[in-house]
Amino acid sequence: MSTVDETINNFISVAERFNGVKEGTSQHNIILNIYNSSKPAGEYTMTADDPWCAAFVGAVAGGCGLGNIIPISASCDRMISRFPSLGG
């Protein structure tokens with residue numbers, strides 16, 4: 001079982017791997033692929049032309065297996081509204 005500090009450090013470590021990524025690059029496509037493979041049913045499928053700030057957070061959460069504590073969504077508003085149901 002991971003401690004809170006280990007979980008946080010893992011999330012930050014995964015996020016840092018994408019530091020400096022620019023839209024349209026192969027790294028951007030990796031983020032979108034991680035997001036799209038982690039998103040819950042019914043959630044928007046991201047394309048390279050979409051704003052990706054919330055999807056980045058979702059991709060990192062999904063990549064770390066933290067979708068149970070960090071909502072995975074392409075929408076900031078939906079992420080915020082889902083936090084209470086996850087105990088946040």
Side-chain angles (χ1 to χ4, degrees):
M1 170 92 35
S2 295
T3 68
V4 171
D5 286 343
E6 290 170 333
T7 300
I8 292 168
N9 288 334
N10 184 38
F11 185 88
I12 291 169
S13 176
V14 170
E16 285 178 334
R17 290 184 206 150
F18 297 105
N19 188 28
V21 170
K22 304 226 183 320
E23 287 185 26
T25 64
S26 60
Q27 289 289 88
H28 178 230
N29 289 330
I30 290 170
I31 293 167
L32 298 179
N33 290 337
I34 294 169
Y35 169 81
N36 286 328
S37 68
S38 302
K39 71 180 179 63
E43 187 62 44
Y44 182 74
T45 299
M46 293 293 295
T47 69
D49 297 324
D50 295 318
W52 51 290
C53 54
F56 172 74
V57 175
V60 174
C64 293
L66 297 176
N68 61 327
I69 61 172
I70 299 173
I72 298 175
S73 178
S75 164
C76 294
D77 290 339
R78 279 195 300 277
M79 288 178 85
I80 291 167
S81 69
R82 289 181 183 154
F83 268 111
S85 68
L86 298 177

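Worth knowing before you read on, the calculation uses all heavy atoms, side chains too, and leaves out hydrogens, waters and symmetry mates.
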How close do V60 and V14 get, heavy atom to heavy atom, and via which atoms? CG1-CG1, 3.9 Å
Cluster overlap V57 with L86, hydrophobic side-chain contacts below 4.5 Å: no
Would you call the rings of F56 and F18 parallel, tilted or perpendicular if under 30° counts as parallel and over 60° as perpendicular? perpendicular
dist C64:SG -> I34:CD1 (nearest 0.5 Å) comes out at 9.5 Å
Between G62 and S38, which heavy-atom pair has the shortest distance, and what is it? CA-OG, 3.5 Å
Rounded to the nearest 0.5 Å, what separates atom CZ in R78 from atom SG in C76? 10.0 Å
All heavy atoms of W52 vs all of I31, minimum pair found to be CZ3-CD1, 3.6 Å
Which pair of heavy atoms, one from H28 and one from A48, lies closest together, and at what distance? CE1-O, 3.6 Å
For T45, does its backbone N or O pair with a side-chain atom of N36 as donor and acceptor, under 3.5 Å? no
Consider only side-chain heavy atoms of I, L, V, M, F, W and Y, link residues closer than 4.5 Å, and tell whether V4 and I70 are in one cluster. no
Rounding to 0.5 Å, atoms CD (E16) and CG (N9) come to a distance of 9.5 Å
Are the side chain of N33 and the backbone of N29 linked by a donor-acceptor contact shorter than 3.5 Å? yes
Where is the tightest heavy-atom contact between G67 and I72, given as atom of each residue plus distance? CA-CD1, 3.8 Å
Test item: D50 side-chain N/O and T47 main-chain N/O as donor-acceptor pair under 3.5 Å: yes
Can you name the nearest heavy-atom pair linking M79 to P71, along with the distance? CE-O, 3.2 Å
Near N68 CG, under 6.0 Å, is it more than 12 heavy atoms from other residues, nucleotides or ligands? yes
The salt bridge (charged side-chain N to carboxylate O under 4.0 Å, His left out) partners of R82 (sequence neighbours excluded) come to E43
